[in-house]
Q: 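I'd like to ask some things about the structure below.
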2 protein chains.
Amino acid sequence: MPQKSAAPGRLYDNAAVFAALGDATRLRLVARLCENGPQSIVRLTEGGEVSRQAVTKHLRALEHAGLVRSGRSGRERLWEVRTQRLAEARRCLDQISEQWDHALERLRSLVEADSR
Amino acid sequence: MPQKSAAPGRLYDNAAVFAALGDATRLRLVARLCENGPQSIVRLTEGGEVSRQAVTKHLRALEHAGLVRSGRSGRERLWEVRTQRLAEARRCLDQISEQWDHALERLRSLVEADSR
DNA sequence: AAAAAGAGCAACCAGGGGGTTGCTCATAAA
DNA sequence: TTTATGAGCAACCCCCTGGTTGCTCTTTTT
């Protein structure tokens with residue numbers, strides 16, 4: 001069994017990741033970073049609806065959740081996606097769905113035993 | 001450019017789903033609903049850290065995001081998970097990761113062409 | 001050396017979200 | 001028919017979040 005002590009505490013962490021993705025602007029930022037690779041703040045601001053400062057704040061939020069990271073290059077700072085956390089989030093959803101499937105199975109076997 | 005009009009609007013919808021999952025209490029509720037099947041509010045409140053009203057509010061939030069639904073049974077209301085939205089959320093994450101992979105490929109071929 | 005571009009910082013504001021308490025309503029159990 | 005259980009509604013509170021504006025700092029560019 002993978003991920004033995006997937007520890008209830010882990011769930012909390014994933015909540016933070018989902019919260020970070022739970023904003024349209026941030027989700028768009030992540031998508032853009034994935035589509036076009038590492039970019040500067042100004043570039044990420046272009047075409048968007050919010051100010052540069054807002055974008056900065058969102059990037060910091062994403063960084064806090066471990067979804068992006070940045071590094072300075074000359075006078076600009078480049079941001080890139082950290083795919084690991086994304087993968088973890090996916091696994092979390094997978095696990096939940098899996099539990100649901102198990103529950104369904106259990107339920108079905110109960111019904112069968114009942115009508116037998 | 002791939003993914004022509006994958007409708008930016010879709011992204012927004014997923015943000016709502018992630019936002020719903022982006023709270024530890026709600027995420028736990030979803031997990032419990034998946035583990036133990038449809039349950040009433042009082043049952044979902046047991047063992048938790050918050051009041052029944054809080055649970056109710058969270059359930060409504062999840063309902064708004066399309067993640068759960070409910071039906072009355074006698075004097076109690078049973079809540080169950082709607083797996084469809086969960087699946088959609090997963091697909092959203094998959095798409096994003098996929099775009100990232102494509103970007104990596106593009107980048108790699110660029111580098112190769114450059115050093116050739 | 002002067003001008004412009006990219007970022008960072010701080011203060012401020014409005015709104016929403018999570019939580020609670022108190023009361024009422026309806027249905028099932030005694 | 002009482003009584004107790006499960007749930008709904010409404011008001012209220014606090015604080016966090018998303019967004020803005022204004023200023024400063026550093027690094028290019030001209």
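Chain identifiers are assigned alphabetically (A, B, ...) following the order of the sequence lines, protein sequences preceding nucleic acid strands; residue numbering begins at 1 within each chain.
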Q: Evaluate the criterion side chain to side chain donor-acceptor pair (under 3.5 Å) for residue pair A:Thr45 and A:Arg52; output intermediate values, then yes/no.
A: CA-CA 6 Å; A:Thr45 304; A:Arg52 179 178 59 86; over 6 Å; no
Q: Below 4.0 angstrom, which residues in residues 52-61 of chain A have at least one non-hydrogen atom near DNA chain D?
A: A:Gln53, A:Ala54, A:Lys57, A:His58
Q: What is the 5' to 3' range of DNA chain D, first to last nucleotide, that sits under 4.0 Å from any heavy atom of chain A?
A: D:dG18 to D:dT28
Q: Could you check how far NE2 of B:His64 sits from P of C:dG18, rounded to whole Å?
A: 13 Å
Q: Using OP1 and OP2 only, check whether a side-chain N or O of A:Ser40 sits under 4.0 Å from C:dA7.
A: yes
Q: Working to the nearest 0.5 angstrom, can you tell me the gap between B:Arg26 CZ and B:His58 NE2?
A: 5.5 Å
Q: When you compare the side chain of B:Thr83 with that of A:Asp101, does any pair of heavy atoms fall below 4.5 Å?
A: no
Q: Looking at side-chain heavy atoms only, is the closest gap between A:Val81 and B:Ile96 below 4.5 Å?
A: no
Q: Could you state the atom-to-atom distance from CG of B:Leu62 to C1' of C:dG18 in whole Å?
A: 13 Å
Q: Calculate, to the nearest 0.5 Å, the distance between atoms CD and CG belonging to A:Gln84 and A:Leu67 respectively.
A: 10.5 Å
Q: In the structure I gave you, are the side-chain heavy atoms of B:His64 and B:Arg60 within less than 4.5 Å of one another anywhere?
A: no
Q: Looking at CG of B:Leu62 and CG of B:Leu33, how far apart are the two atoms once the value is rounded to the nearest 0.5 Å?
A: 8.0 Å
Q: For C:dA7, does OP1 or OP2 lie under 4.0 Å from any side-chain N or O of A:Thr45?
A: no
Q: Got a sec? Which of residues 66-82 of chain B come in under 4.0 Å of DNA chain C, heavy atoms?
A: B:Gly74, B:Arg75
Q: Is it true that A:Arg85 and A:Glu88 have a side-chain N and a carboxylate O under 4.0 angstrom from each other?
A: yes
Q: Under a single-linkage definition using a 4.5 Å side-chain heavy-atom cutoff for Ile, Leu, Val, Met, Phe, Trp and Tyr, are A:Trp100 and B:Trp79 assigned to the same hydrophobic cluster?
A: no
Q: Could you grab the distance from atom OG1 of A:Thr25 to atom CG of A:Leu59, nearest 0.5 Å is fine?
A: 11.0 Å
Q: Determine the contact category for A:Arg43: base if any of its heavy atoms lies under 4.0 Å from a base atom, sugar-phosphate if only primed atoms, P, OP1 or OP2 are that close, otherwise nothing.
A: nothing
Q: Looking only at heavy atoms, what is the nearest atom pair of A:Ala103 and B:Cys34, with distance?
A: CB-O, 3.3 Å
